[in-house]
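Protein chains get the first letters and strands the later ones, always in sequence-line order, with residue 1 at the start of each. Side chains are part of it too, since the values below use all heavy atoms of this structure and drop only hydrogens, waters and symmetry mates. Just so it is clear, the model here is predicted, and its values are computed rather than measured.
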Amino acid sequence: DARVTQTPRHKVTEMGQEVTMRCQPILGHNTVFWYRQTMMQGLELLAYFRNRAPLDDSGMPKDRFSAEMPDATLATLKIQPSEPRDSAVYFCANSAPYTDTQYFGPGTRLTVL
Amino acid sequence: AQSVAQPEDQVNVAEGNPLTVKCTYSVSGNPYLFWYVQYPNRGLQFLLKYITGDNLVKGSYGFEAEFNKSQTSFHLKKPSALVSDSALYFCAVRDWDRGSTLGRLYFGRGTQLTVWP
């Protein structure tokens, strides 16, 4: 049963520190999405890639956030420097070519003190 | 722009009773609609989708959804609720992105379903 993997599952850090979250997509799933979920804002799309190329990152604060896909098996989301308002659960989701269904990872719960 | 609205933040229903979670949509073209469920401390899971065809779509765990074009609605239903159905439910609509037939999903804010014994 193929699954999306995210690491770490939990991260507690101090304000100003760099945070890197990783996602291993399901093999063959060529579209990768990064979402952020908070009680106040709900589920927000931060960025997404297709075939490793960024398609849209307009939902992401550019001054501190960056998203990359170094290869087809790894997507990363970095925050530098982190701030308390970045505290949220960050989800990676994938979809296969020519399909609509997105498969979500278990999320990374980030707490910035 | 595409959008969905889930008018109820919370729905409470007794076990064994039918449940409905409401969703209305706004699209510029043909609507492609989805329902996802999120259990505590988990990622979202796909339940069902409407692309074309029958207005009644059947999905996982006994859920179904009815597409109503005239009312621009896509309500999620289940004939007999279980306590284990308690979760956060998201409606979503698909958008078309540049140069491709597949795009991002626009999610609603979610509806918390609580089924009490």
> What's the separation between atom CD in B:Gln45 and atom CZ in A:Phe104, rounded to the nearest 0.5 Å?
11.0 Å
> Go through B:Tyr36, B:Phe34, B:Phe90 and name the one with the most non-hydrogen pairs under 4.5 angstrom from chain A.
B:Tyr36
> Give a yes or no on whether A:Tyr90 and A:Tyr48 share a hydrophobic cluster (residues Ile, Leu, Val, Met, Phe, Trp, Tyr; joining criterion: side-chain heavy atoms under 4.5 Å apart).
no
> Tell me, yes or no, whether the heavy-atom count around A:Asp71 atom CG, taken from other residues, nucleotides or ligands under 6.0 Å, exceeds 12.
yes
> Where does B:Gln38 contact chain A at under 4.5 Å (heavy atoms): side chain, backbone, both or neither?
side chain
> So does A:Arg64 have more than 12 non-hydrogen atoms from other groups sitting under 6.0 Å from CZ?
yes
> To the nearest 0.5 Å, what is the distance between CZ on B:Arg109 and CD on A:Gln41?
6.5 Å
> Got B:Leu44 and A:Leu43 here, is their nearest side-chain heavy-atom distance under 4.5 Å?
yes
> Show the numbers, then the answer: is there a side-chain contact (heavy atoms from CB on, under 4.5 Å) between A:Gln37 and B:Leu88?
CA-CA 12 Å; A:Gln37 185 178 35; B:Leu88 187 59; 4.1 Å; yes
> Crowded around A:Glu14 CD? As in, over 12 foreign heavy atoms under 6.0 Å?
no
> Taking the ring centre of each residue, are A:Tyr35 and B:Phe107 less than 6.0 Å apart?
yes
> Distance from B:Ile51 atom CD1 to A:Asp100 atom CG, nearest 0.5 Å?
4.5 Å
> Take atom CG in A:Leu113; do more than 12 heavy atoms of anything else shown fall under 6.0 Å from it?
yes
> Pick one of side chain, backbone, both or neither for A:Gln102, based on which atoms fall under 4.5 Å of a heavy atom in chain B.
both
> Checking B:Tyr106 against chain A: side chain, backbone, both or neither under 4.5 Å from a heavy atom?
neither
> Tell me whether B:Tyr61 is reachable from B:Leu19 by hopping between hydrophobic residues (I, L, V, M, F, W, Y) whose side-chain heavy atoms are closer than 4.5 Å.
yes
> Report yes or no: do B:Trp35 and B:Phe46 belong to one cluster of Ile/Leu/Val/Met/Phe/Trp/Tyr joined by side chain heavy-atom distances under 4.5 Å?
no
> State, yes or no, whether a side-chain contact exists between B:Asn41 and A:Arg9 at a heavy-atom distance under 4.5 Å.
no
> Starting at OG1 of A:Thr101, measure out to CG of B:Leu105 and round the result to the nearest 0.5 Å.
8.5 Å
> Heavy-atom count around A:Lys62 NZ within 6.0 Å, excluding the residue itself: above 12?
yes
